[in-house]
Amino acid sequence: MISIGFRSLVRREILRFVRRPKNTFMPPAITNVLYFAVFGVILGGRIDEPVAGIGYILFLVPGLIVLGTISNAFENASFSIFHGRWNEYIHETLTSPLSYVEMVVAYVAASAVRGLIVGVIIAIVGRLFVPISIENGLFLVATMVVIAALFAGLGIIGGLVARDFDDLTVMNQFILRPLVFFGAVFYSLTMLDPVWQYVSLLNPMVYMVDSVRYGLLGYSDLLEVAPAAYAEFAPYASLSILTVLTVAVVALDVYLFKIGYGLTD
Amino acid sequence: MPPAIETVDLVKEYGELRALQGLSLTVEEGEFFGLLGPNGAGKTTFINTLVGLVRKSGGEARVFGHDVESDYQQARDAIGLAPQEFNVDRFFPIKEVLMHKAGYHGIPDDEAAERADEVLKRVGIYDKRNERFDWLSGGMKRRLLLARALVTDPDLLILDEPTAGVDVQLRHDLWDLVTELNEEGTTILLTTHYIEEAERLCDRVAIMNEGRKVTVATPDELKTRGTDTVSVRLESTPATAGGLNGDLGAYAEAVSTAGDRLEVRVDDGGATAPQLLNDLEAAGHEIVDLEISRTSLEEIFVDLTEREDRSVTRSGTGDGDLEPGDDESIGDGESPARGDSHTEDEATQEGIAQ
């Protein structure tokens with residue numbers, strides 16, 4: 001049973017970013033036009049051989065969707081929580097009769113929605129540059145929902161831990177973005193030396209990008225480079241692990257709300 | 001029916017500092033209850049414990065019988081809080097802010113919109129309903145905090161210094177409104193620095209100091225605890241009062257002279273004045289006029305809290321004592337960083353909003 005209180009908080013959170021498209025949707029749209037134009041058309045045009053058998057612009061699409069989705073889900077949750085703490089209006093939520101689970105799930109759901117909307121925007125931008133047909137639609141949707149929720153959940157932790165706005169910038173620019181860039185967004189793992197292939201497998205972003213690429217294009221790097229025991233089940237194994245991770249992160253969010261970490265004195 | 005508020009041995013510690021030191025207090029349903037105390041007394045910490053913004057270190061706290069931690073949803077649903085700080089959502093017009101708050105309390109959209117209009121009219125800022133919080137004047141902001149507390153139709157309304165820094169007109173408007181609400185059955189907990197406000201509005205008041213309850217009484221009872229001053233002008237007032245002590249009975253707690261007047265402090269000025277006049281005439285003094293002044297609640301408040309300070313110092317409970325200068329920020333449970341945030345946050349509001 002979804003309570004009125006829960007719906008109210010979800011709506012408040014969604015309205016906050018929907019009414020500010022210049023701050024929330026325009027930047028990723030413009031950034032991705034640049035990515036596709038510069039990396040896809042100008043540089044990609046000089047790459048004669050297809051990457052993993054796929055044209056370079058099309059190869060870029062899943063990674064850029066992941067990059068935009070998780071950045072925005074994380075940014076939305078962390079900003080909303082931190083800004084509410086900074087101006088203390090999060091007290092409106094904290095002093096309400098919502099349960100801690102409802103509070104957390106509402107913040108996660110709204111932030112995941114923002115991430116997913118940005119993902120769709122990037123897909124539309126990509127479609128302007130290259131034809132796209134979805135290979136595994138259900139798998140793609142499931143993966144997108146999971147990774148958006150995962151980074152919304154991580155964003156809540158970021159918003160609770162941050163002490164000023166600079167901390168949010170550090171998390172997004174210096175931790176999240178490098179991991180995604182080295183997560184096989186712009187290249188295939190098959191192009192790397194074996195040593196770097198194994199190092200890359202330690203980067204959790206690889207599994208997200210790979211799963212979305214599998215859902216969208218039907219191609220998975222992990223099927224090629226992961227150890228045989230994992231490759232046999234990839235990318236379904238990736239989705240399963242990401243789902244468990246998401247549930248764990250949301251449970252941690254609920255615990256932090258319950259003990260009032262960063263929220264109460 | 002359980003009390004509106006019931007705390008037993010409530011303790012809140014911030015490291016070495018104890019902002020609440022075993023506070024036991026009961027506020028009955030329907031009461032207008034005042035909480036008085038100097039800065040750092042623990043008033044805001046007490047309130048924030050009830051609404052879930054401060055986690056207690058020990059003791060019990062219940063709102064209408066609901067434990068504030070194990071039954072937090074029921075306890076919070078019963079409370080409407082108008083805090084000292086302007087902690088309002090700045091992204092939305094104020095009517096929507098109120099609708100959101102009502103929604104969190106389970107009130108459906110249509111009804112939330114109606115209630116928002118109603119409370120905005122009630123506090124007199126309905127014509128500003130489409131403005132955002134930052135564009136309101138200071139007085140309007142204060143009114144909005146009250147409207148937000150009222151939009152959920154709470155059984156317990158908590159007002160944390162609602163008239164601090166507001167003009168006389170607004171203060172009287174707020175007094176009228178909260179009196180009306182109390183008459184309609186809402187239990188009200190008011191913290192204030194204005195003694196006149198407590199005297200005028202409250203059925204009972206608790207005086208707090210350094211996290212402790214000093215006393216609980218009606219304003220009238222409190223006033224009887226003070227001494228009255230009977231000021232008598234004599235035809236020939238002696239230069240010093242020393243010679244008069246023997247002429248007056250044991251009722252005179254202190255005798256002094258001020259200009260051409262003799263001032264005698266007694267427990268009950270009205271009852272004692274005839275005896276005093278008789279004694280002075282019997283001692284050969286000719287009386288010109290007489291005035292009786294009662295001790296104000298403010299003087300009693302200062303006297304009680306100072307007496308408490310002295311007893312705390314004497315009893316040597318060093319752990320619980322707040323250091324000079326710490327009381328504002330720590331006693332009220334506010335971190336300095338937050339207290340300083342308003343200027344900067346307003347500056348960053350538009351630029352950083354993501």
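Convention: sequence-line order gives letters A, B, ...; per-chain numbering from 1. No experiment lies behind these values; they were computed from the predicted model shown. Excluded from the calculations below are hydrogen atoms, water molecules and symmetry mates; all remaining heavy atoms, backbone and side chain alike, are included.
- Environment of OH in A:Y255: sparse, with no more than 12 heavy atoms of neighbouring residues, nucleotides or ligands closer than 6.0 Å.
- The CD atom of B:E96 lies 10.5 Å from the CZ atom of A:R12; values are rounded to the nearest 0.5 Å.
- Taking both residues in full, the closest heavy atoms of B:G52 and A:T264 are given as O-CG2, 3.2 Å, listed atom of the first, atom of the second, then distance.
- Taking a 6.0 Å sphere around CZ of A:F182, one finds it holds 12 or fewer heavy atoms contributed by other residues, nucleotides or ligands.
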Applying side-chain contact (heavy atoms from CB on, under 4.5 Å) to A:L98 and B:H105, what does each step give before you reach the verdict?
CA-CA 7 Å; A:L98 289 163; B:H105 283 250; over 6 Å; no

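- Note: A:P97 leads A:G5, A:P97, A:S8 in heavy-atom pairs under 4.5 Å with chain B.
- To the nearest 0.5 Å, atom CG of residue A:L15 and atom CZ of residue B:F92 are 5.0 Å apart.
- Interface remark: A:S3 contributes no atoms to any contact with chain B (heavy atom separation under 4.5 Å).
- Between A:R20 and B:F91, the shortest heavy-atom contact is NH1-CD2, 3.4 Å.
- More than 12 heavy atoms of other shown residues, nucleotides or ligands fall within 6.0 angstrom of atom CG in A:L128.
- Interface remark: A:F6 contributes no atoms to any contact with chain B (heavy atom separation under 4.5 Å).
- For the pair A:R11 and B:D109, the minimum side-chain heavy-atom distance is below 4.5 Å.
- At a 4.5 Å heavy-atom cutoff, the contact between A:K258 and chain B is made by backbone atoms alone.
- B:T45 OG1 to A:D265 CG: the interatomic distance, rounded to the nearest 0.5 Å, is 8.0 Å.
- At a heavy-atom cut-off of under 4.5 Å, chain A is reached by B:Y72, B:Q73 from residues 61-74 of chain B, listed in order of number.
- A side-chain donor-acceptor contact under 3.5 Å links A:T95 and B:K101.
- Residue-environment remark: CG (B:N130) exceeds the threshold of 12 foreign heavy atoms within 6.0 Å.
- To the nearest 0.5 angstrom, B:D89 atom CG is 13.0 Å from A:H91 atom NE2.
- Residue B:I107 touches chain A through its backbone alone, counting heavy-atom pairs closer than 4.5 Å.
- Nearest heavy-atom pair, A:E92 versus B:Y104, reported as atom, atom and distance to 0.1 Å: O-CD1, 3.7 Å.
- When the shell of 6.0 Å around CZ of A:R19 is examined, it contains more than 12 heavy atoms from other residues, nucleotides or ligands.
- Under the 4.5 Å side-chain criterion, counting only non-hydrogen atoms from C-beta, A:N87 is not in contact with B:N87.
- Heavy-atom distances place no part of A:R7 under 4.5 Å from chain B, backbone and side chain included.
- Each of B:R55, B:M99, B:H100 has some count of heavy-atom pairs under 4.5 Å with chain A, and the biggest count is that of B:R55.
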